[in-house]
Number of protein chains: 2
Amino acid sequence: MSPTMTTAQQRQKAKDDYDAFLATCPSRQLLDRIGDKWITLVLSALADGPLRYSELARQIAGVSQKMLTQSLRNLERDGLISRTVTASVPVRVDYQMTALGLSLFGIVLQLKQWAERNMGVIIAHRDEFDSRN
Amino acid sequence: MSPTMTTAQQRQKAKDDYDAFLATCPSRQLLDRIGDKWITLVLSALADGPLRYSELARQIAGVSQKMLTQSLRNLERDGLISRTVTASVPVRVDYQMTALGLSLFGIVLQLKQWAERNMGVIIAHRDEFDSRN
DNA sequence: CGGAATCCACTTTGATACTG
DNA sequence: CAGTATCAAAGTGGATTCCG
C-alpha cells in the first residue's frame, strides 16, 4: 500500500468535510441565529409592533450599541425584519417584523412553551446530579 | 435632589438586573443549550438508539473529546440523556435518550423543518442584501 | 476505553470615543 | 438619533498529555 494520506490527514479531512456540511446545514444556521442571546430578545420586542432604534435599546436593557446594531443587521439581512429610514432632523429609523420574522417567532414561542413546561424537572435533575458530585 | 446613584450607576444596575433575569429565564437556558453546536448533534445521534462513547465520537466527526464529554455531561445533568457504565475490562459506557430528551428532540425537529422550509427565501434575502452593499 | 486536566490560539463581546 | 471604529477583556474550543 502506498497511501496518499496519513491516518491523521484522513481524520483531518473528515473533520473538514463535516465542517463544510454544517456550514451549509439549514438547521445549524437557524440554531446559530436563535441561539444568539440578543436575536430572540429583538424578535420578542418587535413582536408587539415596530420600534425605533433607541426604543429597542431601552427595552433590551443589557445590550450594547454594537451588539444591537449587529443583531439588527443580521435580522434584516435574513429578511426577518425590515428597516425604514425617515429622513428628518434628527433622522428616525424604525424596525419591524416581516411575515417571515413572525413565522420564525412562532417557532421561538413553541420553544418558550416547552422550556416553561419542562424547566422544573430539568432543574430538579440538575440539583440531583450536582448533589451526587 | 440627592441621588444615591449616578446616571451611569443606574444604567449599570439596570443591566445587572436584566442579566440576572436572563440567567434564570427558562427560554434563555433552553436556547443556550440547543444553540450549542454539539448538543443537537448528540441528540440526533442518540435519537436512533443508545451509543457508546467511541461510537458517538466517530459518528460526530468534527467533535473533540473535550467538547463531546462536556456536551454529554450537560445533557446528563439536565436529565436529557442517561449514562450507563458497564464495569468490564476495558470499561464500557453507553448513552441513551430519556423520555425528556426525546420530547426536546421533537422541538428540535420542528425547528429543523422550519429551517428547511424557509432557508431558501432567507438565502435569497441575504444575496439581495449583500448585492446592495 | 473513557475520560480529566492543562495550556493556548482564536473569537466574541463590551466599553469607550467619535461622526453624519 | 443612529450609528461606526477601535481596543482591551473575557469567553471558547481544540490540541495535547496523562490517568484509572
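Below, chains carry the letters A, B, ... as their sequence lines are ordered, and counting in each starts from 1.
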message: Students often mix this up, so state it plainly: with edges at 30° and 60°, are the rings of Y18(A) and W38(B) parallel, tilted or perpendicular?
response: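 The arrangement is parallel - the two ring planes meet at less than 30°.
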Would you mind reading off the distance between [X] atom [atom1] and [N] atom [atom2], rounded to a whole angstrom?
| X | N | atom1 | atom2 | answer |
| --- | --- | --- | --- | --- |
| I60(A) | dG14(C) | CD1 | P | 12 Å |
| L56(A) | dG3(D) | CG | P | 10 Å |
| Q65(B) | dA5(C) | CD | C1' | 12 Å |
| M67(B) | dC10(C) | CE | P | 18 Å |

N/O (side chain, [X]) to phosphate O (OP1/OP2, [N]) under 4.0 Å:
| X | N | answer |
| --- | --- | --- |
| W38(A) | dG14(C) | yes |
| T69(B) | dG2(C) | no |
| R73(B) | dA4(C) | yes |
| R58(B) | dG2(C) | no |
| Y95(B) | dG3(C) | yes |

- request: Let me know, please, whether D36(B) or R52(A) comes out on the 5' side of the other along DNA chain D by nearest nucleotide.
  value: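 Comparing both residues, the 5'-ward one is R52(A).
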Residue closer to the 5' end of DNA chain D, K66(A) versus V91(A) (nearest nucleotide):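 First, find each residue's nearest nucleotide; the 5'-ward one identifies V91(A).
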query: DNA chain C: G62(A) or V93(B), which has the more 5' nearest nucleotide?
result: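 Nearest nucleotide further toward 5': that of V93(B).
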task: Choose from dA15(C), dG2(C), dG3(D) the nucleotide whose nearest atom is closest to any side-chain atom of S64(A).
output: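 Nearest to the side chain of S64(A) among the choices is dA15(C).
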task: Measure from the side chain of S54(B), starting at C-beta and using heavy atoms only, and say which of dA2(D), dG2(C), dG14(C) lies closest.
output: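 That would be dG2(C).
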message: Before you tell me yes or no, could you show the steps for Q59(A) and L51(A) under side-chain contact (heavy atoms from CB on, under 4.5 Å), namely the whole-Å CA-CA distance, both residues' side-chain angles and the distance that decides it to 0.1 Å?
response: CA-CA 10 Å; Q59(A) 214 169 102; L51(A) 288 175; 3.8 Å; yes
message: Within the 3.5 Å criterion, strictly below it, is a donor on T69(B) or Y53(B) matched to an acceptor on the partner's side chain?
response: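 Y53(B) and T69(B) do have a side-chain donor-acceptor pair below 3.5 Å.
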query: Between S27(A) and W114(B), does any side-chain donor sit less than 3.5 Å from a side-chain acceptor?
result: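 Absent: no donor and acceptor within the cut-off.
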